[in-house]
Structure formats: structure tokens, C-alpha cells
Amino acid sequence: MLIEEISIRNFALIEEAVIEPGKGINVLTGETGAGKSMFMDALRFLFGETVTAEFLRPGAAQMEVCARVTLAREARAEAGAILEELGVETEDSSLILRRLYDAKTGKTRAFLGSAPVTGAGLKRWAACAVEFHGQGQSSEILGDCYVQDYLDRWAGLASDAEEFGRAYQLWQAAALDLEERRRFVQEKRDRLGLLQFQKQELQEAALEEETLLQIENDLPLWINRENLAGQLDELEGLVSGSEANAQALVGQSLRIASRLASLPDGAKVFEPLAGALEQCQGFLAEAARQCAALRESLGAGRARVEELLGHKARLERLRIKHQCENYRELRDRLENVTVDLERLENFGHDELRLAREAEQKREHCEQLAGRLSRRREAAARELGPRVTRELRLLGLGKAVFEVEVVRRSRGAGGAGGSPAGSPLSAKGADAAVQSESWNNRGADQAIFWFTPNPGEGRHQAHRIASGGEASRAALALKNLLLGGNSKEPAGLGQVLVLDEIEQGLSARVAALTGDYLKRLGRAHQIFLITHSPVLASSADSHFVLQKNVRQGRTVTEIRGLRSNEERRGEILRLLGAATIQEQRTLAPYVEKLLGLEQKEAA
């Protein structure tokens with residue numbers, strides 16, 4: 001991927017800046033505090049990293065970072081697959097990236113082309129195109145957590161490791177299921193008799209829905225039926241039973257209203273009244289029917305009432321005993337007891353089945369772990385000499401870099417390892433692989449060893465004492481991953497952002513590092529933030545960050561150095577040449593650094 005333009009707006013001190021990076025090495029220099037790290041943070045934000053609201057320029061409503069990029073031909077398939085998954089359409093190799101932070105909502109938005117994407121989606125796509133290496137990251141790259149991932153990625157084994165991880169999780173789940181079943185049986189076996197008794201008493205409790213409804217709804221009526229029956233008699237008499245009942249009175253009124261409505265010119269006045277009385281007559285008929293139905297429902301015999309009262313008392317005792325909120329929860333309790341009994345009764349058969357499934361999954365893991373270990377060992381034998389050759393180019397002529405793959409010791413697997421109770425065996429071609437020491441990354445771990453000088457003994461790479469040696473080792477590893485020596489598909493990490501990698505480097509080693517970066521820059525675009533005049537002289541494009549005060553506010557501006565004279569001046573500043581005499585003295589050295597002597601002679 002090639003970044004052709006970067007636009008930054010309201011990001012910390014950068015009010016507005018637009019630069020057009022070129023191919024090869026793009027150097028960014030400036031005084032301490034001018035905003036070089038801000039520029040790197042802006043790129044991290046653009047490519048999906050989370051930043052805090054503190055980066056929003058005070059008083060601004062929104063900050064925004066944009067880039068116009070061209071996807072390299074060899075990267076199109078890799079990046080294109082992710083873009084397609086994210087719903088991004090690209091008619092050609094050009095693409096606009098845009099990410100914003102809104103102060104009002106406190107949220108970020110990201111776009112690839114015209115398609116909105118999540119920060120996570122943007123970050124996943126960017127991982128195929130951009131590598132960051134900041135200050136202090138050398139120790140992280142050489143650390144234990146990174147080594148295994150690096151070896152798998154360099155050797156093209158990431159998919160193998162993921163396949164093992166999925167198989168390992170399935171085995172862990174099967175073994176855990178078996179162990180939980182065994183633990184359940186151990187806990188419940190002594191309670192078998194109690195469970196059987198509970199099931200019997202709950203089954204005998206008659207928990208059918210019809211019976212529960214009678215207890216909840218009908219029983220209160222039946223208990224008070226004598227009082228209710230008297231009141232129903234009175235109500236029924238008023239509605240339809242006595243001579244002057246409501247139905248008779250409404251019927252009489254309806255007949256009078258109908259006669260009035262039949263008079264000349266009486267229809268308009270009296271027909272609505274007759275209709276209302278007719279409707280009232282219908283309501284009274286329905287009330288009479290309901291009174292009769294209620295009277296019939298109160299006809300249960302005393303024996304049935306006493307039976308339901310006794311049933312309710314039994315249910316209440318069971319509810320309290322089993323700590324249920326209501327009677328229906330007793331049915332749930334019966335289902336749980338029944339399931340527990342079935343599990344206990346079927347345990348022998350289930351244990352054999354679960355143990356067989358767990359063993360099959362473990363054997364599958366063993367095959368994958370053995371294959372992954374052999375491939376890692378082969379890759380380790382190849383990677384060590386390659387890193388050693390890269391270190392030679394960086395001035396470490398006597399250093400030796402080795403990669404070793406060792407079996408993970410029991411207990412070193414962290415959350416992994418063999419679940420208790422799972423069957424273990426060692427057979428076939430991978431008999432040496434012991435599942436007790438596995439974790440979800442395999443049966444082994446990779447170690448980087450570094451020997452700076454003959455006779456000094458080797459040390460694990462993350463314990464390299466010299467900052468310059470650690471920085472160069474990390475750069476060599478990055479180069480092998482980026483520069484086409486990786487077995488991963490080409491096109492990964494085509495933009496490399498380096499922040500002050502010169503820490504601990506002498507001028508001679510910095511010159512070697514500059515030459516090294518130039519070779520890397522032939523195939524990849526590099527952004528190099530540096531204070532080193534030697535590294536800065538290797539630029540194909542050079543940008544300077546400078547703080548200025550405008551209208552009472554401090555802003556960081558970014559400008560490109562277009563002429564040789566501007567580049568001479570910046571290199572002299574980096575060398576600390578403050579006086580005219582110092583500048584004259586250092587001028588030949590600067591000319592040599594920039595290679596201007598040869599150009600002018602030519």
C-alpha cells in the first residue's frame with residue numbers, strides 16, 4: 001500500500017496539515033515537542049487505534065484524519081477480501097480512508113471509501129497494510145508474548161495455529177463436560193434415595209393445571225357459596241325474577257318508545273330512544289344468563305370442597321419445603337428432580353460416551369500439535385540464520401541469533417493443560433507430545449536467543465542489555481516480516497512507521513541502519529520519525545514539524561523540504577550547528593551525508 005496524501009485537522013496542536021508522502025523513506029524531523037509523536041498518534045488513530053478526547057484541539061467540535069492510498073497489486077487479494085467482507089467497493093486500486101471524532105457525541109466514525117466501517121473493522125484491514133514500531137517497542141517485539149506469534153506469522157503457520165486453537169477448545173469443552181458429569185454424580189449419589197422420594201411425593205401432588213386453577217379461582221367461591229348464593233338470588237330477582245324486574249320494566253319502556261316513534265314526525269325524535277332501550281334489554285338478558293351460570297358453578301358438593309382444601313394444604317406444605325414462590329414452581333422442581341435422576345441412572349452409559357468423545361478430540365489435538373511443532377521446528381532452523389545475516393548488515397558482525405522451539409513444560413500452559421479426569425495417552429508418530437502441557441497455542445513455545453559476541457554465552461533476546469542491539473534486532477525481525485523473506489502472502493505490512501529507532505545507535509551504526517532502511521524502502525513505504533541527522537539524510541522525502549504561534553494560539557505546522565538547501569539546513573540543525581562557524585565546519589560532512597558531493601561532481 002502507498003499513502004499518497006495525509007490530511008490532519010484539529011488533532012492536538014495540529015490545526016490543519018496536508019502532506020504528500022512519496023515512495024521509499026519519508027523522514028519527519030523537528031524540535032522536541034514540535035509534534036512528531038502527535039503525527040504518529042494521528043496515523044494510529046486513522047488506522048483504527050483508540051485515542052482519548054484529549055487529542056481533540058481545544059475549542060474544536062471535531063477532529064479528522066484522512067488519507068488517500070493506493071493498494072499495491074500484490075496486496076489487492078488480501079486487502080480486497082477484507083474490504084469485500086466490510087462491504088467496501090473499490091473500482092480501482094485507489095481508496096480514501098477517513099476517521100473522525102465528534103466532541104458532541106463523544107464517538108468516532110470511520111469510512112473506507114464511502115462505506116462506514118467500525119473501528120475494529122478498520123483496524124483489521126489496516127493490519128494487512130501498516131506496521132508501527134514506536135519508542136520502547138523493541139523489548140516487546142523480542143518478548144515471550146510476541147515470539148510465538150512472530151514465528152507463526154513469518155513461517156505462514158498462523159492458519160495452522162488457529163486450527164489447533166479451535167480443536168483445543170473443542171477438546172477442553174468435551175473434557176470439562178465429562179468432569180462436570182462426574183462431579184455431579186459424586187455430589188448426588190448419596191442423595192439418590194432422597195431424589196426418588198421427592199419425585200414420588202411431587203408426582204402424587206397432582207399438579208395438573210386444571211386442578212391448580214380450581215384451587216386458585218373456584219375454591220374461594222365454593223367456600224363462600226351460601227353467602228354468594230343469597231346475593232345471586234337477589235340479583236337474579238332484580239334482573240329477571242320478580243314481577244317488577246329490570247327486564248320487564250325495560251320491555252315496557254321499549255313498547256312505549258316504539259309507539260311514539262310510529263307517530264307522524266316522531267321517528268327522528270324517538271327512534272334513537274327506542275334503539276337505546278332495545279340495546280339495554282339485550283344487556284339485561286346477558287346479565288340474567290351470567291347469573292344462572294354462576295349459580296350453577298356454585299353447585300359443587302361439600303365433599304369436593306373438602307377434597308380441594310386438603311389438596312391445597314398438601315401443596316402449601318410442599319411449597320414451603322421446596323422453597324417455591326408458588327404452586328407452579330413445584331412442577332419445575334419435579335422436572336429438575338426427574339432430570340437429575342435420569343442423569344444418575346444413565347451415568348454409566350453417558351460416561352463411556354463422553355470419555356470416548358473427549359479422547360477422540362484429544363487425539364485430534366495431538367495430531368495437529370505434532371504437525372504444528374514439526375513445522376515450527378523447521379521454520380526456527382531457517383529463521384535464526386536469516387536474522388543473523390540481517391544483523392551483519394546492521395553492524396553486528398559477530399552476533400548470532402537463534403530460534404529454538406521447546407516443549408512446553410507441565411504447568412506452563414497457563415489456563416490450558418489437561419482437564420482433570422480426561423483420559424491421556426501418547427501414541428503414534430507424535431507420542432512425545434504430552435497434552436498435560438498444551439495450551440490453545442500448541443504443545444511448545446518459541447524462544448529467541450541472542451549471542452552478541454563469541455564466548456559471552458547466549459541470552460534470551462528480551463534480556464539484551466544494549467538498547468542499540470535490541471533496536472537493531474527488532475528492526476531485522478520487522479524487515480524479514482515485511483521485506484519478502486516471510487512465508488506469509490506478499491503485501492502484508494507495506495507501510496512501516498518507525499518512531500525514533502536510533503536510540504542507542506552510534507553514528508556508524510546509524511549509517512548502516514540508514515542503508516538498511518533504503519533497501520527496505522525500495523519495496524515499501526517508510527515513515528521515519530527521528531532526531532538522527534544520519535538517518536534523516538537517508539530520506540527520499542523530508543518533512544519538518546515546527547511549532548508556531550498564530551493569533552495567540554500554538555499550532556504545529558508540517559512542511560516538506562523541497563530544495564537541497566532546505567535539507568542542508570535541517571541536517572545542520574539536527575547536528576546542533578548553532579553558529580555560522582559550526583555550520584561551515586560541518587558543511588562538508590552534511591554534503592557527504594546527503595550524497596550531494598557525488599551528485600554535483602556528476
Side-chain angles (χ1 to χ4, degrees), residues 145 148-149 152 157-200 202-203 322-324 328-374 376 407-445:
C145 295
Q148 191 92 11
D149 288 337
D152 287 345
L157 297 177
S159 59
D160 295 62
E162 290 172 1
E163 182 184 5
F164 173 84
R166 290 190 295 269
Y168 177 82
Q169 289 178 350
L170 291 174
W171 169 59
Q172 291 276 285
L176 184 60
D177 190 14
L178 174 61
E179 177 60 20
E180 286 180 348
R181 186 66 61 91
R182 286 174 169 163
R183 188 181 301 113
F184 167 80
V185 171
Q186 185 66 31
E187 293 172 354
K188 301 286 188 180
R189 193 185 301 276
D190 297 337
R191 302 180 60 212
L192 179 61
L194 175 60
L195 290 173
Q196 291 171 336
F197 172 77
Q198 289 178 343
K199 179 180 179 181
Q200 182 178 354
L202 289 169
Q203 284 177 330
H322 292 281
Q323 299 180 348
C324 297
R328 284 174 176 78
E329 286 189 13
L330 289 171
R331 290 192 298 198
D332 298 334
R333 175 60 181 158
L334 175 59
E335 291 179 7
N336 293 336
V337 169
T338 302
V339 170
D340 287 351
L341 280 172
E342 288 176 355
R343 292 177 70 185
L344 284 171
E345 292 165 355
N346 298 329
F347 174 69
H349 173 74
D350 288 346
E351 181 182 28
L352 289 175
R353 177 180 60 81
L354 292 173
R356 185 165 55 250
E357 291 177 358
E359 176 64 10
Q360 289 172 349
K361 289 178 170 60
R362 192 203 66 80
E363 288 177 351
H364 181 54
C365 281
E366 187 175 68
Q367 294 173 0
L368 295 178
R371 184 184 69 181
L372 184 58
S373 294
R374 291 191 298 272
R376 282 172 172 167
R407 288 290 181 268
R408 196 180 297 277
S409 61
R410 180 181 290 199
S418 172
S422 60
L424 297 173
S425 66
K427 35 183 153 176
D430 302 314
V433 178
Q434 294 299 313
S435 57
E436 295 99 324
S437 59
W438 296 349
N439 68 8
N440 60 357
R441 303 174 73 173
D444 40 44
Q445 64 185 87

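In this chain, residues are counted from 1 in sequence order. Because the structure is a prediction, the values reported are computed rather than measured.
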Nearest heavy-atom contact between Ala355 and Leu178 is CA-CD2, 3.8 Å
Identify whether the distance between the nearest side-chain nitrogen and carboxylate oxygen of Arg362 and Glu359 falls below 4.0 Å. yes
For the student: nearest non-hydrogen atoms of Ala443 and Ala369, plus distance: CB-CB, 4.1 Å
Ala358 and Trp171: which non-hydrogen atoms are nearest, and at how many Å? O-CD1, 3.2 Å
Output the distance between atom OG (Ser373) and atom CG (Asp160), rounded to the nearest 0.5 Å. 11.0 Å
What's the spacing between Arg376 CZ and Gln445 CD if we round to 0.5 Å? 10.5 Å
Between atom CG of Asn440 and atom CZ of Phe164, what is the distance when rounded to the nearest 0.5 Å? 8.0 Å
Spacing of CZ belonging to Arg333 relative to CD belonging to Gln323, to within rounding of 0.5 Å: 9.5 Å
Contact check, side chains of Trp438 and Glu366, non-hydrogen atoms, under 4.5 Å: yes
Is any side-chain heavy atom of Arg353 closer than 4.5 Å to one of Arg356? yes
Rounded to the nearest 0.5 Å, the CG atom of Asn439 sits from the CG atom of Asp444 at a distance of 9.5 Å
With rounding to the nearest 0.5 angstrom, report the CD to CG distance, Glu162 to Leu372. 11.5 Å
